[in-house]
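Following: one structure in structure tokens, then a few remarks.
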Amino acid sequence: MSIMTFSVLPAQKKSIDQKVDSVLKLMTLDEKIGQMNQYNGDWAATGPITKDGDKQSQIKKGMLGSMLNVTGVDHTRTLQEIAMQSRLKIPLLFGQDVIHGYRTTFPIPLGEAASWDLKAIEQSARIAAIEAAAAGVHWTFAPMVDIARDPRWGRVMEGAGEDTYLGSLIAAARVKGFQGKGLGNTDAVMACAKHFAAYGAAVAGRDYNSVDMSLRQLWETYLPPFKAAADAGAATFMNSFNDLNGIPATGNAYLQRTVLKGNWNFKGFVVSDWGSVGEMINHGFVKDNYEAAMAAANAGSDMDMESRSYIQNLSKLVKEGKVKMAVIDEAVKRILRKKFEMGLFDDPYRFCNTEREKKEWNNPEHIIAAREIAKKSMVLLKNNHQLLPVNKSVQTIALIGPFVKAKSDNLGFWSYDWPDDTTRIVSLWEGVRSKAPAAKMLYAYGCGIKDTSRAGFAEAVAAAIQSDIVIISVGEARDMTGEAKSRSTIQLPGVQEELIKAVAATGKPVVVLISAGRPLVFNWIADNVPAIVYTWWLGTQAGNAIADVLFGDYNPSGKLPISFPRTEGQIPVYYNHYNTGRPAKDENDLNYVSAYTDLPNSPKFPFGYGLSYTQFSYSDIKLNKPTINAKETLTVQTTVTNTGKFDGEETVQLYTRDLFGSVVRPVKELKGFQKIYLKAGESKTVTFDLTADDLRFYTDQLQYIYEPGDFKVFVGGSSADVKEAAFTLVK
Ligand code: NOJ
């Protein structure tokens, strides 16, 4: 069935814009408003659901443009068939939070970011899109590209961490992955860059909280990943729950009209966040839903997710002249354009192919890819005396803790439960079993993730005593970090740290694995346990991937994409801070300097940090010249040598510091990185090119400029462990 029957010209000869116009001409005002309306389906919910009964008759009347949380070929087909009974037969768009996988669950986005591997990240999004598209989904509400410097914020797990440069590259990689070879291919889903904007800066890390920041900070730190997503072709944007400097993002014309649709020339459409149009009443920005609809539509929010403000008020607003017809037409055109680009007018059922759904349901290549990226995402935080890797001929190994046999907790927040999860998800126990089949494996649960009972400690200690090595696997349950999951304390939950203390007291060599959605605070473990691997939530292949790392079949290469605080009182702690007027000379300096009296300023583990089973040494930096002008290129060279016994991969990081500027600049800013693989004993020279363009920043008048002056350049394996050199930029 095709809408093309309404065309005045033969369909194939018309551009998409002409097609959109010819449909628009046929639409009544109510049908137009219907396109701007999105409801949750009746099967699952990811927000405070409003049950209002008869969605199906609303679809039939053309009062609905899109639905979320409707997946599966059968469900989507059923609803699309109803849309085809509407007067104009405009197909529905089905959106879903496909954040880190659909059927195959990949590591959480923050974990994937630790791989610094853009190809792998793109591939993970690609596979998620293939699986979701095969299940009838047209549109994912991802990537989340919010910069996050506060690990109390539950949504820190969904982004790429604290750095704007890394975050921008990852944003583009994810958009490319989701959209594949382009909209119109049946394995491509529309990406949605969210949450526009600055949601990651919610005060005190409390979800849905306010954001107040300078426009300079907004442009320099928070907007670039959105720009990168737009430039990569993101089909849609989602606005956010927070207010920004007193204006809710959903009613923020500066963000949506001036910046996104104006400066950036974005051609897609903007969907509100769940209920965020109506929530402007709670913000105290508008007095009722009538005003909410007016504010949101006029500010450039094209589609209303679940507020029902548009469907109930826009018609009256247009008739009363409060929202111009042109505003409605523009929004509807943006939405229709995407429906055309997706090919849904040609065939509304093109994502409803049962054979394809079955084929992608258990695609073995996806499972292999999930294991690969899971391996790359882990970060080795500590490995004293080369305790890891474990020898495969180990005789007795104790596996202790609530994560050893965990299944769904490996998936993390924003993942889907399927009936066959018990066989689909590989637990740590199963991963180790297949890696070291001859080893005697002892198991003790120890305690539950959130438990306060120590009843299982004795059994854990007994298992440890009988073993040659102990692996303790602890962390956060999958519902502890995510939307509406902010925590004021981010220690390991329950008595898990006590369990570790009890087991470590046996004197046996202990490796701790931490599965979590955010940086946690675990000082005793960090200071006393010889080996620690941060495994995030790794997804379906968690157990296999962890076993690959534990037994040395994969040499860990992950680097933290976010600083780990020493305590919550230090938050926000991030590497690219300013120097202040009174920087501390060192960690003992308390002489009226910017420091805590009870804590060093540095994080527990810095941005960019991560060990390997081998060691890498860096030569001094070589520059091609000490001074460049605005047209020249500075080449920054360093030779990296693998001085250890294992082959391994290193992420070589380049930072700069602008020493004096018309506005103060961070002590370090990431400007580049390269991943290199070195055999044991091998050396490689790594070259970075820097030009004046890389040294641009926003002035207090928001000009994006570079300024001649003195700079430092740093190269190293973490933001806190670098070689440095100096150069000057002249006019
Ligand atoms: C609210 C979340 O903030 C957003 O990220 C998500 O896409 C929507 N709910 C839909 O589930």
Side-chain angles (χ1 to χ4, degrees), residues 37-50 65-71 93-102 108-110 125 128-129 132 137-148 153-160 171 174-175 178 189-202 205-211 225-226 229 234-244 248-250 252 255 268-280 282-283 296 301-308 412-417 479 481-486 517:
N37 185 29
Q38 185 190 53
Y39 290 157
N40 194 71
D42 286 334
W43 291 282
T46 49
I49 183 109
T50 321
S66 171
M67 299 191 84
L68 74 149
N69 290 325
V70 176
T71 56
L93 274 177
F94 297 109
Q96 181 86 3
D97 291 285
V98 181
I99 308 293
H100 54 114
Y102 176 74
I108 55 165
L110 186 64
V137 175
H138 306 136
W139 178 18
T140 175
F141 303 127
M144 187 192 98
V145 303
D146 297 313
I147 294 298
W153 189 49
R155 305 201 72 170
V156 69
M157 60 151 289
E158 282 175 65
R174 291 205 164 114
V175 169
F178 287 130
V189 297
M190 296 197 297
C192 181
K194 70 187 189 185
H195 305 83
F196 199 60
Y199 184 37
R206 208 182 69 213
D207 211 0
Y208 315 118
N209 209 355
S210 299
V211 175
F226 286 99
T236 69
F237 267 49
M238 184 186 291
N239 57 38
S240 54
F241 289 125
N242 57 286
D243 71 275
L244 175 65
T250 307
N252 199 313
L255 285 174
F269 68 87
V270 180
V271 63
S272 81
D273 203 344
W274 182 300
S276 68
V277 176
E279 286 171 18
M280 290 196 291
N282 288 341
H283 277 287
S301 295
D302 301 307
M303 187 182 277
D304 169 3
M305 181 194 287
E306 269 293 326
S307 281
R308 287 150 174 77
F413 206 89
W414 293 120
S415 53
Y416 296 96
D417 296 302
D479 63 354
T481 294
E483 185 180 346
K485 303 290 182 244
S486 293

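Just the heavy atoms: all of them, side chains too, but no hydrogens, waters or symmetry mates, feed the values below. Each ligand, and each atom within it, is numbered from 1 in the order the structure gives.
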If you measure from the Lys or Arg side-chain nitrogens to the Asp or Glu carboxylate oxygens, is any gap between Glu306 and Arg308 under 4.0 Å? yes

Non-hydrogen atoms closer than 4.0 Å to ligand 1: which protein residues do they belong to? List them by chain and number, please. Thr46, Leu68, Asp97, Phe141, Arg155, Lys194, His195, Met238, Phe241, Asp273, Trp274, Met305, Glu483

Might you point out which heavy atoms bring Ser486 and Trp153 nearest each other, and give the distance in Å? OG-CA, 3.7 Å

Asp273 meets the salt bridge (Lys or Arg N to Asp or Glu O under 4.0 Å) criterion, sequence neighbours left out, with none

So, do Leu255 and Phe226 sit near enough that their side-chain heavy atoms are less than 4.5 Å apart? no

Nearest heavy-atom approach of Val98 to Phe178 is O-CZ, 3.7 Å

Going by atom types alone, do Asp243 and Ser210 pair a side-chain donor with an acceptor below 3.5 Å? yes

